[in-house]
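We name chains A, B, ... by the order of the sequence lines, and we start the count at 1 in each one.
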Number of protein chains: 2
Amino acid sequence: MSEADELMLTIKEIADMANVSRTTVSRVLNDSGYVSIKARERVLKVIEETGYVPSQHAKSLRTKKSKVIGVVIPKLGTETSGRLVNGMNEVFSQYGYQILLTSSNLAPQKEIEYLSLLKSRQVDGIILTATNVSDQLIAGIRQLRMPFVAVGQNIPGVSNVVYDDLNAAKIMTRLLIERGRKNIAFIGVPESDQAVGVLRKQGFLDSMKEHCLNIRKEWIIESDFSISSGYSAMERIMERVVGGVIPDGVFCVTDRIAIGAIQHLKETGLKVPQQISITGIGASDLSKYVEPPLTTMDYENEKAGQEAAKILLAQIERNEDFQKTVILNGRLIRRDSL
Amino acid sequence: MSEADELMLTIKEIADMANVSRTTVSRVLNDSGYVSIKARERVLKVIEETGYVPSQHAKSLRTKKSKVIGVVIPKLGTETSGRLVNGMNEVFSQYGYQILLTSSNLAPQKEIEYLSLLKSRQVDGIILTATNVSDQLIAGIRQLRMPFVAVGQNIPGVSNVVYDDLNAAKIMTRLLIERGRKNIAFIGVPESDQAVGVLRKQGFLDSMKEHCLNIRKEWIIESDFSISSGYSAMERIMERVVGGVIPDGVFCVTDRIAIGAIQHLKETGLKVPQQISITGIGASDLSKYVEPPLTTMDYENEKAGQEAAKILLAQIERNEDFQKTVILNGRLIRRDSL
DNA sequence: ACCCTTTATGGAATCGATTCCATTCTATAT
DNA sequence: ATATAGAATGGAATCGATTCCATAAAGGGT
């Protein structure tokens, strides 16, 4: 405990202490080439005693591999992101990779910036969960020329792990219709988000048309991803009720929106599901415990994360230059809100 | 688009293209030393055109700084972890640092392993959120000799950001007592977790003793962190009711446990809070939307993450060798479960 | 005209690993 | 005995940056 600002040990020092060359130490470290048992033991002993850890920077500089994966997500600390990263981590850690995490905090500009930052850190691959897919972003990705997987949003020219948002929205809407609901409202998010904003809305519209139901423009509301905005979206819908016809069903593009909507309905005294049915998407933890429990679709984000990780690893380790797209279907969860 | 497996550009190439030396390019890159306007412009132009990004490995090898912070958390994708990391990221990204994330997945052994892994990656500092604080772990941390902050659990000899678990538990228990509850049960977690397992239990016991209330051993149950185990813990408590006296209050050491408990009470027909009051800790997202909404304590994890990040940065950038301990108090949230 | 400071630039060493290549020493086969 | 392959080892180049140092030109003061 005497040495305060103790030097960083290097392979050279280990070599000297074990009376071998750096080459030999390196061989021991990497289990490569010929090393006599005696030499190996001496080296291992010194390493053990000193607590020497080789510099990954030096190693990476030489080998061009870092065993680090760059992950860009829109917002840290959301359920979806957490599950995704968790799934990725399960696969990556198994293969000795670690995750360098960056969050764009919903600023599309940052996404592009981080891509090049990650490249400069020589990550072995990148996984991006984008929200807004701009031409600029696509161009930025093209320029990377390294193993890459996009999650959640379909990005042309690269590997993707996406959900079938169109179909999921169709199913959740159809559920309402089959339940006998006819006056169905829709709470969505801005169309800058291709997957959630555009596709899920399209799915709703498609299902409504298929069943020849009247789509009321004034009951199509744009919200954001928060519970509170779901609440106020529902509020706005009820304000726009004219001629006594109130909605008897609401398809919300996310669970949190749905939960906000339910909250508002409760306060105004409308009974869910007796008078009005609600569906969401995402299988948020919340969805199971709100009153009434929410009918939703589990997107199985962990699985998506795992898939993305596997595809990326295939590109990295087997140098496969392919681009593969996996479409995940989700699992319907029927609960009482219907 | 012709060059398929295009070479990685180096500072040497940029130098040649701009007709200057590597030294000059480096000066432009780092805004240091003297560079004529003309030379600077030429360099910048080449960088722009080629999309050159300098190798961080080479840079870090030379400068001994990586601008990467290693973060070890028990489990990715939980609410608490998410919030913590989010808070850290807010501060770090502001100063140009990124987070290398590793998850011990609740294996104490891995925690130690990851510490040395992170050191080998030459991170500039480490933040650890431990669950089980073993002597081995403490020894491992001592050996690191680098900027370090522990979150959530008090670890001797290093900087800490901790919650006042003892006091929080006292408060939540006292709330039940002041509400007039006398037969209070307790659902905790294993004592290998010092903060949650030991301190929160101690707080409960202290408050009970202070008010001279009878502590029934058979109503002190050990659960884990899941909702479902909270459910079965409550079940076990009710099985142990003898002589007609049923609990009229339960202090659960986490919100998820509390939510599981409430779930079970609902199913057995007991009314919360009319017949039995429940309190939790953690201000889980869920807590606001369950029925009835849960009285809990917000630990403000983002703030904890921010604090930890700030302390670490102080150690890194100002080379302050201090150890600082911040105790966060949490914010009581009164809701209907009481 | 001379000295000194400021500006501008590049050569070369350095960081800590890996890896190619050459060398030496054994052991086995002929 | 001798050629030959395998085992063991180390020297030195290399990866891509930064940075110390030397050098040179330009301007300023006396």
Side-chain angles (χ1 to χ4, degrees), chain A residues 5-44 46-47 50-68 96 116-117 119-124 146, chain B residues 6-44 46-47 50-68 116-117 119-124 146:
Chain A
D5 218 354
E6 193 50 49
L7 59 170
M8 174 65 139
L9 281 173
T10 74
I11 199 172
K12 176 81 171 55
E13 274 127 18
I14 303 300
D16 291 348
M17 294 172 75
N19 255 304
V20 294
S21 71
R22 336 222 276 281
T23 312
T24 302
V25 176
S26 175
R27 289 201 184 97
V28 173
L29 250 28
N30 299 296
D31 253 331
S32 67
Y34 295 115
V35 178
S36 67
I37 299 169
K38 289 199 152 193
R40 158 169 282 115
E41 274 174 357
R42 277 200 320 263
V43 171
L44 287 176
V46 172
I47 290 177
T50 55
Y52 161 74
V53 267
S55 154
Q56 277 291 332
H57 288 307
K59 178 169 185 163
S60 296
L61 177 59
R62 188 66 230 258
T63 61
K64 312 276 186 196
K65 307 222 153 296
S66 62
K67 289 268 177 180
V68 171
S116 115
L117 197 78
K119 183 171 188 179
S120 85
R121 291 209 185 279
Q122 311 253 148
V123 295
D124 291 343
M146 57 161 63
Chain B
E6 193 50 50
L7 58 168
M8 175 67 139
L9 280 173
T10 75
I11 198 172
K12 175 81 172 56
E13 274 127 19
I14 303 299
D16 290 350
M17 292 171 76
N19 255 304
V20 294
S21 70
R22 335 222 279 280
T23 312
T24 302
V25 176
S26 175
R27 288 199 185 99
V28 173
L29 249 28
N30 299 294
D31 253 329
S32 66
Y34 294 114
V35 179
S36 67
I37 299 169
K38 286 199 152 189
R40 158 168 281 115
E41 273 174 356
R42 272 196 325 251
V43 171
L44 288 176
V46 172
I47 290 177
T50 55
Y52 161 76
V53 267
S55 154
Q56 277 291 332
H57 288 308
K59 177 168 186 163
S60 295
L61 177 59
R62 187 67 230 261
T63 61
K64 312 276 187 195
K65 307 225 153 293
S66 63
K67 289 269 176 179
V68 172
S116 110
L117 197 78
K119 183 172 187 179
S120 84
R121 292 209 186 277
Q122 311 251 153
V123 295
D124 291 342
M146 57 161 64

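Between A/Thr24 and the phosphate of D/dT9, there is no side-chain N or O to OP1/OP2 separation shorter than 4.0 Å. The side chain of A/Ser55 places no N or O atom within less than 4.0 Å of a non-bridging phosphate oxygen (OP1 or OP2) of C/dG16. Within the 4.0 Å cut-off from OP1 or OP2 of C/dG16, at least one side-chain nitrogen or oxygen of B/Lys64 is found. A sub-4.0 Å separation between OP1 or OP2 of C/dG16 and a side-chain N or O of A/Thr10 is absent.
The nearest heavy atom of DNA chain C to B/Ser21 and to B/Arg62 marks one nucleotide each, and the one closer to the 5' end goes with B/Ser21.
Regarding A/Lys65, its NZ atom lies at a distance of 20 Å from the P atom of C/dA17, rounded to whole Å. Whole-Å rounding puts the B/Leu9 CG to D/dC15 P distance at 14 Å. Put simply, CG on B/Asn30 is 17 Å from P on D/dG16, counting in whole angstrom units. Going from atom CG of B/Leu29 over to atom P of D/dT19 covers 12 Å, rounded to whole Å. Rounded to whole Å, the distance from CG on A/Leu61 to C1' on D/dA13 is 13 Å. As rounded to whole Å, 8 Å separates atom C1' of D/dG16 from atom CD1 of B/Ile11. In this structure, the CG atom of B/Asp31 is 14 Å from the P atom of C/dA8, given to the nearest Å. Here the C1' atom of nucleotide C/dC15 and the CD atom of A/Glu13 are 12 Å apart, to the nearest Å.
To the nearest 0.5 Å, atom CD of residue B/Gln122 and atom OG1 of residue B/Thr63 are 9.5 Å apart.
For the pair A/Asp31 and A/Arg40, the salt-bridge criterion is met [side-chain N within less than 4.0 Å of a carboxylate O]. Taking 4.0 Å as the cut-off between side-chain N and carboxylate O, A/Arg22 and A/Asp16 do not count as a salt-bridged pair.
Between C/dT19, C/dG10, D/dG10, one nucleotide has an atom nearer to the side chain of A/Ser26 than all others, and that is C/dT19. Closest contact between the side chain of B/Arg22 and the listed nucleotides D/dA17, C/dG16, C/dT18 involves D/dA17.
When side chains are defined from C-beta on, A/Lys59 counts as touching A/Asn30, because their heavy atoms get closer than 4.5 Å. Put simply, the side chain of A/Thr10 does not reach to within 4.5 Å of the side chain of A/Ser55, judged on heavy atoms. Using a 4.5 Å heavy-atom cutoff, the side chains of B/Tyr52 and B/Leu29 are in contact. Residues A/Ile14 and A/Thr50 have side chains in contact (heavy-atom distance under 4.5 Å, counting atoms from C-beta outward).
The nearest pair of heavy atoms linking B/Arg121 to A/Ser66 is NH1-O, 2.9 Å. The two residues B/Leu61 and A/Ala58 have their closest heavy-atom pair at CD1-CB, 3.8 Å. Counting all heavy atoms, side chain and backbone alike, B/Arg27 lies closest to B/Val35 at CB-CG2, 3.4 Å.
Across all strands shown, A/Val20 has heavy atoms under 4.0 Å from sugar-phosphate atoms exclusively, and none from any base.
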Could you go over nucleotides 21-28 of chain C and give all protein N or O partners under 3.5 Å, atom names and distances?
none

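Listed in residue order, the members of residues 32-44 of chain B having a heavy atom less than 4.0 Å from DNA chain D come to none.
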